Amino acid sequence: MTTAAYLSIILAAGQGTRMNSRHPKVMHKIAGLPMIGHVLGAVEKAKCNRVAVVVGPDMDELSSYVKSCNESAGIHLQEERLGTGHAVLAARKDLANNPDKVVVLYGDTPFVKPSTITAMLDVLDGGAEVVVLGFEPENPGRYGRLILKNDQLVAIREAKDASLDELEIPLCNAGIMAFSGRNALSLLDAIDNKNVQKEFYLTDLPEIATRRGLSVRSILADEQDVMGINSRIELANAESIFQSRYRKKVMQNGVTLQAPDTVYFSHDTQISSDVTIEPHVYFGPDVSVHSNAVIRAFSHIEGALISEFAVIGPYARLRPGTNIGEHAKVGNFSEIKKSKIGAGAKVNHLSYIGDADIGAGANIGAGTITCNYDGFGKFKTRIGKNAFVGSNSSLVAPIQIGDGAFVGSGSVITKDIPQDALAVARGKQSNIKGWASSFRAKYKKETGL
Ligand code: UD1
Ligand code: MG
C-alpha cells in the first residue's frame, strides 16, 4: 500500500458529442450518481492526497458538483478541447506543486477500483516511471492499443491512427495512467498533435518516456472495471453492469431477491440481511432497509428508512423523509412523504400521508388523505398512538389527533381531536321509507317501460 503524496487528475472536459446532451458527459448518472461521482469515490478510497478535475467551458454544473463532493478539489478549466494530453496540462498548477506521483483518470470511465489505482502506484514504487492500465475488451473497436516489447510498454496507438496490424492487438488502453511527479511536466510538454485527429494525446506519453530510456509498464484490469462511456447506449450498458453487480452483492450479504433482474438499486442503497425484496422494486437515493423487512412487488422507494419486520407494498411509494417503524405496514397505492410511521402502525390502502407523525399501533383506513398543503405552506398532521382513522377521511393540517381517538369514516377533520374521543364530520344519513319503490312505479307509468 502506497502512502507517499500523490495527485489525481480527472479529465472531464470532453463534450461527449455522442451523448446528444446539454449536460457535461460525466454528469450523466449511473445508479443515481454522476459518472464523475463514481471516479471521485474511487480516488478517495485509494487515499489520494489531492484531486484536480479538468472541466470545459460552460460546465458550472460539473464544477459545483465536484465541489459538493470534495470542497478542496482543484478545478481547472481547459478552454479548448484539444485532446487528453492538453487536458492534463490544464492542471499545470497542481502538477508544478511537485507531487510524488500523478494518476490521470478519465471522468467517463466510472468503475475503476481503488485497489487498481493502488496497484498502479505500487508499480511506480517498484521503479517504473509510467504505468498504464490495460485490458482486453471483447470488442477492441475504438480503444487505443498497447504496443509491448518484452515487459515494456513502448507505445499506445489510438485506433484512428493504427495500422491494420496494430488494430489486431487485443490489449487496449483503459484510460488510466500513473507516472512519477518528477518528469511529469517535461514529458507532458513534449506531446504534440501530429495525428489523424490533430489532438494532443495523453497516450503519446509512454512512447516519449520510452525514447528517453524511462521504464514504462502496464498492468491488466477487467473489462467491466474500465469500460469508457461515450454514448447513451454505453451508459445503459454501464447501468446494467452496475445493477447486476449490486444485486449479486446484496444477495451475498443475505438478502433474498425473488427476481433480481427486475430490482433497481441506487449507488448507496443499504439493505441488511434477511430482507426479502419481491419483483419490480425501484430504489432511489438514500434508502436503508433493516433486517426482516419485506419489500413487496412494484414499490418505488427513495429517501426512506425502513425498520425491522416492516412490510412495504405491493405498489407502495415512499418519498424522501420517510421513516417506517418496526413491524409497520404500508400497503398498496399508499404514498408516504416526510412522515414517521410508528411501530406496528398500518397504512394499508390508497392513502396519501405527507408531513405526518403517526403514533405506534395507529390504523389509517383506506383512502385517508393528509391535506398538508394550502397552495402556499406545508402543515403537519399528528396522529396519536393506537388512533383509528376510518376510511376515506381527509385530515386538514395543521391537525392533531389524540392517542386512541377514532375518526368516523368519510370525515373531513379540521379541528384537533382529544385523546380517546370519536370525531364524525360528515352529512347525517336519513332513510326515507318506500321512496325507491314509489320512484320506480312513477317512472314505469310515465315511460311505459
Ligand atoms: C481515450 C484514450 C484511448 C482509450 C479510451 C478508454 C486518448 C487519446 N485516448 O479515448 O486510448 O482506449 O480513452 O476509454 O486519451 N477529455 C478532456 N479534454 C479533451 C479530450 C478529452 O477533458 O480535450 C476527457 C473526456 O471528458 C473524457 C476523457 O478525457 O472523460 C477521455 O476522452 P474521450 O474523448 O472519451 O477519449 P476516447 O476517445 O474514449
Ligand atoms: Mg471515452
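Just so you know, ligand 1 is whichever comes first in the structure, and atom 1 is the first atom listed for that ligand. For clarity, every value in this text was computed on a predicted model and none was experimentally measured.
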**Item:** Nearest neighbour in protein (non-hydrogen) for atom 16 (N) of ligand 1
**Value:** G14 N, 3.7 Å
**Fill in**
So for V226 against ligand 1, with non-hydrogen atoms under 4.0 Å, the contacting part is neither
**Request:** Can you label the angle between the Y315 ring and the F333 ring as parallel, tilted or perpendicular, going by 30° and 60°?
**Result:** parallel
**Prompt:** Does even one non-hydrogen atom of G107 get within less than 4.0 Å of ligand 1?
**Reply:** yes
**Prompt:** Among all protein non-hydrogen atoms, which one is nearest to atom 9 (N) of ligand 1, and what is the separation to 0.1 Å?
**Reply:** E158 OE1, 3.0 Å
**Asked** According to the interplanar angle, ranging from 0 to 90°, do the rings of F298 and H280 count as parallel (below 30°), tilted (30 to 60°) or perpendicular (above 60°)?
**Response** parallel
**Request:** Output the atom name for the N/O/S atom of D108 with the smallest distance to the Mg ion (ligand 2).
**Result:** OD2
**Asked** Is it the case that R247 places NZ or CZ above or below the six-membered ring of Y264, under 6.0 angstrom from the centre and within 45 degrees of the axis?
**Response** yes
**Request:** Tell me which protein heavy atom sits closest to atom 20 (C) of ligand 1, plus the residue, atom name and distance to 0.1 Å.
**Result:** G83 C, 3.8 Å
**N/O/S from N230 sitting under 2.8 Å away from the Mg ion (ligand 2)** = yes
**Asked** For atom 36 (O) of ligand 1, is the nearest protein heavy atom under 4.0 Å away?
**Response** no
**Prompt:** Looking at ligand 1, does N230 have a heavy atom less than 4.0 Å from it?
**Reply:** yes
**Prompt:** Under 4.0 Å from atom 11 (O) of ligand 1, do we find at least one protein heavy atom?
**Reply:** yes
